[in-house]
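Structure, as structure tokens:
Naming convention: chains lettered A, B, ... in sequence-line order (proteins, then strands); numbering from 1 in each chain.
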2 protein chains.
Amino acid sequence: MASNDIPDIVISRLPVYLRALERLAQEDHEVTSSHELGKRLGISSAQIRKDLSHFGGFGKQGTGYKIAYLREQLRQVLKVEREWQVALIGAGDLGSAVARYRGFAERGFHITHVFDSSTEKIGRSLGTYRIQPIDQAPRILVEEEIRIAMIAVPAEYAQGVAEMLIAAGVRAILNYAPINLNVPPEVHVQYIDPVLHLQRMTYYLT
Amino acid sequence: MASNDIPDIVISRLPVYLRALERLAQEDHEVTSSHELGKRLGISSAQIRKDLSHFGGFGKQGTGYKIAYLREQLRQVLKVEREWQVALIGAGDLGSAVARYRGFAERGFHITHVFDSSTEKIGRSLGTYRIQPIDQAPRILVEEEIRIAMIAVPAEYAQGVAEMLIAAGVRAILNYAPINLNVPPEVHVQYIDPVLHLQRMTYYLT
DNA sequence: TAGATTGTTAATCGATTAACAATC
DNA sequence: TAGATTGTTAATCGATTAACAATC
């Protein structure tokens, strides 16, 4: 599979390009260039051209890139031209906030299942969905062929939850728990820990 | 200043090490090694030793690192041994969720100021603080010497808000708006856009 | 002492940038 | 045509890894 050759770091920049293109489209631009994109994103134009060239020639010499076309191509490369179902594990403070965030559904990621272990919370509604007992997650996730999940449980439970998800066929995990997960190589994990980002900046403050 | 020599990418890993050390301490470990840390984090032991060596020799041959000591050293390097005041701009859905998240204060980042432009929201309480009018932010941020801010406003206002913050002396911005910010080199920006992380993973799904 | 692990140097690996022919 | 910009190659730059002497 040729796509295996493409470095992770290139893939990680494509959503940033896509976001910029959608913004440009909103501002009624029709065409852009690697130079213009680079200036907006603080990235060199060479890097943008090189990244895109992994997937084909999307531009035209002399004129640049048609925004609508490049956007559609990137959507297909990233497999975000379709809608995805997402499971959310944990309906505490953090999980509730995640469930209420509208940005996911607006951009094609629908939280269709919410699980929690607390018997108090089960049956209550969160957003448009009812909270289900975590011990039913393995069965439901397999039945519904869910591939993407978000973890919003306390750190000490996160590894166990991840293992359950993986056994149930989940292959992409967005982890809000402030802890590193150990997973097999075919499973992808991304982390959200805003405190970590703050700590990356205080180093530079006087 | 020698610390200018240390690559950003090294700095960005230190909070991850710190988080792992705090976890180990919680589990009553007293000593660890680059090998053990690396296994937990999925990083090579050589990289951990190399990263730490930029700041001094924190370990002992044969025995490894004393967790309490290394943790304290990393806290000082990162300047997170102190408490920081943080301003939050935007008290909509996203801003409210951010303000309610307890993880910030627990780890030394206190949201002490919340600003919004909507006259409806001003004066209402969010968490422990009262929402203040955004047009007073420049004065207040300067007076209180706030250096860190979080942006949680719609994308189209984020750049303008960032410029206001920078003019008021803010030097570190955590941006929740899904847009790239252009800032001068002395200002640090980190981004939180969970959808972007999801899009980084769908590429690999079949 | 023997075993373990650090801190550091040198080698390797991979990513970014510069440059330019091709061409719209 | 002249100007602009791509896609790509080669050169540069920087980060990771391997290896090992030092030493606890």
Task: Protein-to-nucleotide contact annotation, 5' to 3' order, nucleotides 7-15 of chain D [B base; S sugar-phosphate only; - none; under 4.0 Å, heavy atom] - done: BBB-----S

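Note on residues 193-206 of chain B: pairs passing salt bridge (Lys or Arg N to Asp or Glu O under 4.0 Å), not counting sequence neighbours, are A/R19-B/D193, A/R107-B/D193. Judged as a salt bridge (Lys or Arg N to Asp or Glu O under 4.0 Å), the pairs with a partner in residues 25-38 of chain B (not counting sequence neighbours) are, in order, B/R23-B/E27, B/E27-B/R40. Residue pairs meeting the salt bridge (Lys or Arg N to Asp or Glu O under 4.0 Å) criterion with at least one member in residues 170-191 of chain A: none, sequence neighbours excluded. Listed by first then second residue, pairs satisfying side-chain hydrogen bond (donor to acceptor under 3.5 Å, both in side chains) with a partner in residues 56-71 of chain B number zero, not counting sequence neighbours.
Atoms NE2 (B/H54) and C1' (D/dT16) sit 12 Å apart, rounded to a whole Å.
Residues passing the ring-ring contact (aromatic ring centres under 6.0 Å, His included) test with A/H113, sequence neighbours excluded: none. Listed by chain and number, the residues in a ring-ring contact (aromatic ring centres under 6.0 Å, His included) with A/H197 amount to none (sequence neighbours excluded). When the ring-ring contact (aromatic ring centres under 6.0 Å, His included) test is applied to A/F58, no partner is found at least two apart in sequence or on another chain. With sequence neighbours excluded, no residue satisfies ring-ring contact (aromatic ring centres under 6.0 Å, His included) with B/Y191.
Side chains of A/D8 and B/Y204: a donor-acceptor N/O pair is present below 3.5 angstrom, by distance only.
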Task: Watson-Crick and G-U pairing of DNA chain D, under 3.5 Å, as dot-bracket with | and [ ] - done: ..||||||||||||||||||||||

Show every donor-acceptor pair shorter than 3.5 Å between a side-chain atom in residues 156-169 of chain B and any protein atom, with sequence neighbours excluded, or say none if there are none.
unit_1	atom_1	unit_2	atom_2	d
B/Q159	OE1	B/N182	N	3.0
B/Q159	NE2	B/E163	OE2	2.9
B/Q159	NE2	B/N182	O	3.0

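Against DNA chain D, the stretch residues 17-44 of chain B makes heavy-atom approaches under 4.0 Å through B/S44.
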